[in-house]
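Working notes for the structure below.
From a predicted model like this one, the values you see are computed outputs, not experimental measurements. Numbering starts at 1 and runs along the sequence shown.
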Amino acid sequence: MYRLFAALPVPPEISAPLRKLQKDLPGASWRPEENFHVTLCFYGELSENQARDLDELLAEIEADAFDLRVEGMGWFGRREPSAVWARIGESDELRALASQCERAARRLGIPLEKHPFTPHITLAYLHGTPLDTVRDWTEAHQAHRSAPFRARLFHLYASVPRRSGGPSRYDPMADYPLRDLHAGFD
């Protein structure tokens, strides 16, 4: 069984400044920089056959490359915060790509979680952090913005637990390039 999700990688010029914000929040289990990504669709536990079928459908996705940027901070969990994250600005291209990744799962009968799509980069999972403390932390970093970065591909990642404990490792299992009409002109 594989624990799989489709996501956009985050380049070092975006992740390094975010890493510097990972402090001063009690109860935060900070995510390592190599785990930063923008989830398009979480698939959950899949068999090897399901993973292979999903890979084939994801490889059929045709989409153009597009620009993203970090636009402030947020958190999940209204009364009991469970995570803090960097907000990714909405775009039609991002939403369309996420929808195509979800559609691949539905075609295979893979049940999906019923959460609204909120583009973000998880910075920390929280354990007993008071709501007021989370609100103060996100407000203190709300002005954080990144330069635009280009999404030129997405991956099918496997979440692999570490034997020693600690955060899971996210291994790209497959790459799916996006059409980049500006390739060579950057």
Completion exercise
For F5, the other hydrophobic cluster members (4.5 Å side-chain criterion, sorted by chain and number) are F42, Y125, Y157, Y170

Exercise for the section: Give, for atom CG of D92 and atom CG of L97, the distance between the pair rounded to the nearest 0.5 Å. Expected result: 12.5 Å

Exercise for the section: Determine whether F117 and I61 fall in the same hydrophobic cluster, where Ile, Leu, Val, Met, Phe, Trp and Tyr are linked whenever their side-chain heavy atoms lie under 4.5 Å apart. Expected result: yes

Problem - Within 6.0 Å of CZ in R162, more than 12 heavy atoms from elsewhere - result: yes

Fill in the blank from the handout: N35 and S168 have their tightest heavy-atom pair at ND2-O, 2.8 Å

Exercise for the section: Look up atom CD in Q100 and atom CG in L57, then write down how far apart they are to the nearest 0.5 Å. Expected result: 11.5 Å

Exercise for the section: Mind checking the CH2-CG spacing from W75 to L126? Nearest 0.5 Å is all I need. Expected result: 11.0 Å

Handout entry: Minimum side-chain heavy-atom gap C101-F154 below 4.5 Å
Key = yes

Completion exercise
Nearest heavy-atom contact between L40 and A98 is O-CB, 3.6 Å

Practice task
Say whether, by atom type as modelled, one donor and one acceptor occur between the side chain of R87 and the main chain of M73 under 3.5 angstrom.
Solution key: yes

Exercise for the section: Give the cluster check for L112 versus L108: same hydrophobic cluster or not, with ILVMFWY residues linked at side-chain heavy-atom distances below 4.5 Å. Expected result: yes

Handout entry: Pairwise side-chain contact, P172 with L156, heavy-atom cut-off 4.5 Å (strictly under)
Key = no

Practice task
Side-chain contact test, heavy atoms from C-beta onward, threshold under 4.5 Å: evaluate it for L46 versus M1 and give yes or no.
Solution key: no

Exercise for the section: Over all heavy atoms of both residues, which pair between H144 and L18 is shortest? Give the atoms and the distance, please. Expected result: NE2-CD2, 3.5 Å

Problem - Carboxylate-amine/guanidinium contact E90 R95, below 4.0 Å - result: yes

Exercise for the section: Could you tell me the separation between the CG atom of L4 and the CD1 atom of I110, rounded to the nearest 0.5 Å? Expected result: 8.5 Å

Exercise for the section: For the pair H115 (side chain) and E113 (backbone), establish whether a donor and an acceptor sit closer than 3.5 Å, ignoring hydrogens and angles. Expected result: no

Fill in the blank from the handout: Closest non-hydrogen atoms of L94 and G89, given as atom of the first, atom of the second and distance, are CD2-O, 4.0 Å

Handout entry: Side-chain donor-acceptor contact under 3.5 Å, T39 with H37
Key = yes

Practice task
Could you tell me which non-hydrogen atom of F149 sits nearest to which non-hydrogen atom of I88, and how far apart they are?
Solution key: CZ-CD1, 4.4 Å

Fill in the blank from the handout: Contacts of N49 meeting side chain to side chain contact (heavy atoms under 4.5 Å, CB included) (sequence neighbours excluded), chain-then-number -> S47, R52

Practice task
Would you kindly confirm whether L131 and W137 end up in one hydrophobic cluster when ILVMFWY residues are joined by side chain heavy atoms under 4.5 Å apart?
Solution key: yes

Handout entry: Aromatic ring pairing F76/W85, orientation class (parallel under 30°, perpendicular over 60°, tilted between)
Key = tilted

Practice task
Please name all residues satisfying side chain to side chain contact (heavy atoms under 4.5 Å, CB included) with E139, sequence neighbours left out, ordered by chain then number.
Solution key: R135

Handout entry: Hydrophobic cluster membership, L8 vs M173, 4.5 Å side-chain cutoff
Key = yes

Practice task
Step through the shown structure and confirm whether more than 12 heavy atoms of other residues, nucleotides or ligands are within 6.0 Å of CD on E62.
Solution key: no

Practice task
Could you tell me whether a side-chain N or O of T138 sits under 3.5 Å from a main-chain N or O of V134, the two making a donor and an acceptor?
Solution key: yes

Practice task
Apply side chain to side chain contact (heavy atoms under 4.5 Å, CB included) to the pair L123 and L25, showing each step before the final yes or no.
Solution key: CA-CA 11 Å; L123 300 178; L25 185 58; over 6 Å; no

Problem - Neighbour count above 12 (heavy atom, 6.0 Å) for Y2 OH - result: no

Practice task
Please report the closest heavy-atom contact between V10 and I121, naming both atoms and the distance.
Solution key: CG2-CD1, 3.7 Å

Problem - Validation row: V70, I14 side chains within 4.5 angstrom (heavy atoms) - result: yes

Practice task
Compare all side-chain heavy atoms of K23 with those of L21 and state whether any distance is below 4.5 angstrom.
Solution key: no

Handout entry: salt_bridge(D67, R69) N-O dist < 4.0 Å
Key = no

Problem - pair V84-T129: side-chain heavy atoms closer than 4.5 Å - result: no

Problem - Distance-only side-chain donor-acceptor flag, Q22 / R19, under 3.5 Å - result: yes

Problem - Side-chain donor or acceptor of W30 paired with backbone N/O of P32 under 3.5 Å - result: no

Problem - Within 6.0 Å of CD in E80, more than 12 heavy atoms from elsewhere - result: no

Exercise for the section: Decide yes or no on side chain to side chain contact (heavy atoms under 4.5 Å, CB included) for F36 and R31, but give the supporting numbers first. Expected result: CA-CA 7 Å; F36 289 178; R31 311 315 299 155; 4.1 Å; yes

